[in-house]
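Each remark here refers to the structure printed beneath this line.
Every heavy atom of this structure was used, including side-chain atoms; hydrogens, water molecules and symmetry mates were not. First listed ligand is number 1; within each ligand, the first listed atom is number 1. The structure presented is a predicted model; accordingly, all values stated were derived computationally and were not measured.
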Amino acid sequence: MVLNYSARTLLTVWISLLFSPLVYGAEVPIYSQADIVHPIKAAHGMLSIANKYAADAGLAVLKEGGNAIDAAVTVAFILSVTAPQAGNLGGGGFMLVRLAKENKVIAIDYREKAPLLAHRDLFLDTNGNLDTEKTRYSFLSCGVPGTVAGMAYALEKYGTIPLKRALEPAIKLARNGFLVDEQLYTDLVSAKNQMSKFTESYKTFYKPDGTPYKIGERIIQKDLAWSLTQLYLEGPSAFYEGAVAEKIVESMRQYGGIITKKDLKLYSVIPREPVEGTYRGYTIYSMPPPSSGGIHVIQLLNLIEGYPISTWGQNSANTIHVLAESMKHAFADRSKHLGDSDFVKVPLVALTSKSYAEQLRKSIDLTKATPSKKISPYDSKNQYESLQTNHFSIIDKEGNAVANTYTLNFSFGSKLVVPGAGFLLNNQMDDFASKSGEPNAYGLTGDSANAIAPGKRMLSSMSPTIIMKDNKPFLITGSPGGSNIISTVFQIITNVIDFNLNIAEATYAPRIHHQWYPEELRIEKGINADTKHLLEQRGHKVVYTNTMGAAQSILIDANGVLYGVADPRIPDGIVVGY
Ligand code: GLY
């Protein structure tokens, strides 16, 4: 079964509704509210992914008897070919895995690292000003990539298929080409100016006449096929010590980057304990530092647990008010305390404790917005780029589950393709706080906890999350969207648990976001003007924004039925299952 749950589906439902007796006042409605949006159902295994090629290949792995980790690694390599905006070899990310036999959740950190020659003031000019062209679009913006090591590690530790099997479909798609989808075409149009500044990138992703490949046109990536083939022949060492490493280091030498052979050789994946919390009887597992995501998702759930939001109603002014006030606190804490826990002490236990949430709740006024300047980060004595990250959720018939979020940072990362190797380099160095208090591309500020240091991992917001109920997987979720990732994952969880929405309704529901600074409450256009007005009366500066996040989720009910949804905020998301 292959079904695309896209915005078009919702449009069809709306059009049917328009002509239904319900709209024209008949007594018996054809659709009840609960029937408006249905997730996709399956019995054995399921994948929710932002790309059809990856979904089909992942499903084939599951049907052959591979497990969720086998499917995830196959998917990640395919996305590096068919969704190069975020799917990658030259980036990094996080994988959360629920292992059915051991009944435990583990976290794999394959985030990029600052090169050894990096230092705190790397991006400051002689006047101490931050050079954002360098943090975002130069070879200096690249962290040492972790994806290849991460995928090889996951497969070796927890998979059942050889790396060669996981790479085969990606190599074929790179060598023989694939048909461009709507998302890739749209992103290629947006990135054209920046990409045209570097010949190698331009010739990789645009036609000889300089125009982007259109929807349905075939794009062939011979150099990328070469890189993937090196991995096929030599394993991950090709990327970190062999022929691919040579090309990365040569590009750094030629174009002013600082990643050396030593950086690549020393790169290592770190297995971590997931951050764990509880919410109204559910157990939440999410990504620990160097992501801020897990800590803040749990902190937000702890805060909200003290309010009767299910009585107040989903997206009512009361509910949005406490969500926004809670988010301000979480992002204030993020700015000061979050960084790579291998380098700085992150007060993880305190920030995710119920008692800290209780203390914060006392400062939340239910009738008016607290100005951001009156909110300070935790005291221990007591953007907008286009969607650029890729999340996928997978479950197999044994109940092994994967929530994987990986990224190049911006859409197409630094927009720099390694000459002869065909893959894009990340610009993840922009996720460091390169200058204390100066916002990064997502408007997020940071301090010394997230300052650049050699070998350190830059702070992330990626929040791959697995929720368990009665020792069984209940929800696998995650999203792209920079700082919106945290608020998106948080709202998916509350929509399901507090408002009893099915996973499709929970995903489609309009979202809100507040990140302390800039001092504005962002709302999607589906939140009505009356609610906006009520929030403004409480002192919020409310702004309608573009859509936020694009979650790919799977929910498993008490009978073991799988329900999947792909967020309609992107055009090519898909759920497949069997
Ligand atoms: N590069 C976005 C993030 O990791 O949060």
Side-chain angles (χ1 to χ4, degrees), residues 50 76 79 83-88 90-96 107-114 123 132 135-137 141-147 150 187 270 272 275 286-297 327 330-331 333-335 338-341 346 383-392 403-415 424-434 439-446 449-450 452 456-465 477-490 513 515-516 548-551:
L79 291 170
Q85 311 94 306
N88 66 81
F94 304 115
M95 186 186 284
L96 216 64
I108 301 173
D109 168 0
Y110 58 98
R111 180 75 161 164
E112 298 92 325
K113 292 169 72 165
F123 296 110
T132 52
T135 65
R136 295 170 194 179
Y137 303 114
S141 73
C142 311
V144 183
T147 295
D187 290 343
I270 304 184
R272 297 195 188 270
V275 55
S286 193
M287 197 63 212
S291 184
S292 61
I295 287 183
H296 296 308
V297 166
M327 287 175 192
F331 279 96
D333 287 341
R334 185 189 192 279
S335 74
L338 270 287
D340 181 350
S341 52
V346 176
Q383 128 207 185
Y384 308 106
E385 265 263 329
S386 63
L387 291 174
Q388 59 301 96
T389 300
N390 189 302
H391 176 84
F392 53 83
N404 186 85
T405 318
Y406 75 154
T407 186
L408 290 163
N409 193 22
F410 286 10
S411 183
F412 304 106
S414 60
K415 320 277 196 287
L424 284 153
L425 289 165
N426 68 82
N427 60 345
Q428 217 73 252
M429 293 295 281
D430 191 65
D431 273 354
F432 276 118
S434 292
N440 74 355
Y442 304 101
L444 293 166
T445 54
N450 188 31
I452 303 175
K456 187 173 174 183
R457 282 152 146 93
M458 56 295 286
L459 186 59
S460 171
S461 298
M462 293 189 281
S463 316
T465 297
T477 190
S479 174
S483 51
N484 292 320
I485 295 174
I486 295 172
S487 43
T488 296
V489 169
F490 166 55
H513 176 79
Q515 60 182 53
W516 184 46
M548 296 183 270

Handout entry: Heavy-atom nearest neighbour in the protein, as seen from atom 4 (O) of ligand 1, with distance rounded to 0.1 Å
Key = Ser460 OG, 2.7 Å
Exercise for the section: Give the numbers and elements of all ligand 1 atoms closer than 4.0 Å to a heavy atom of Asp431. Expected result: 1 (N), 2 (C), 3 (C), 4 (O), 5 (O)
Practice task
Among Thr405, Thr477, Asn404, Thr488, find the residue that satisfies the side chain to side chain donor-acceptor pair (under 3.5 Å) test when tested with His391.
Solution key: Thr405
Fill in the blank from the handout: heavy-atom search around atom 5 (O) of ligand 1 in the protein gives Ser461 N, 2.7 Å
Exercise for the section: Classify the angle between the aromatic ring planes of His296 and Phe331 as parallel (below 30°), tilted (30 to 60°) or perpendicular (above 60°). Expected result: parallel
Exercise for the section: Output the list of atoms in ligand 1 that are nearer than 4.0 Å to some heavy atom of Met462, sorted by atom number. Expected result: 4 (O), 5 (O)
Handout entry: Ser460 vs Thr407 side-chain heavy atoms within contact, under 4.5 Å
Key = no
Practice task
Check whether any side-chain heavy atom of Ser487 sits under 4.5 Å from a side-chain heavy atom of Met548, and report yes or no.
Solution key: no
Problem - ligand 1 to Thr407 polar contact by distance, N or O atoms, under 3.5 Å - result: no
Handout entry: Polar contact flag for Asn409 and ligand 1 (N/O pairs, less than 3.5 Å)
Key = yes
Problem - Steps toward side chain to side chain donor-acceptor pair (under 3.5 Å) verdict (Ser483, Arg334) - result: CA-CA 11 Å; Ser483 51; Arg334 185 189 192 279; over 6 Å; no
Practice task
Would you mind listing which atoms of ligand 1 come within a distance below 4.0 Å of any non-hydrogen atom of Gln428?
Solution key: 1 (N)
Handout entry: Lys456/Asp340 ion pair, N-O < 4.0 Å
Key = no
Exercise for the section: Report the part of Arg111 in contact with ligand 1, treating N, CA, C, O as backbone and CB onward as side chain, heavy atoms under 4.0 Å; options are side chain, backbone, both, neither. Expected result: side chain
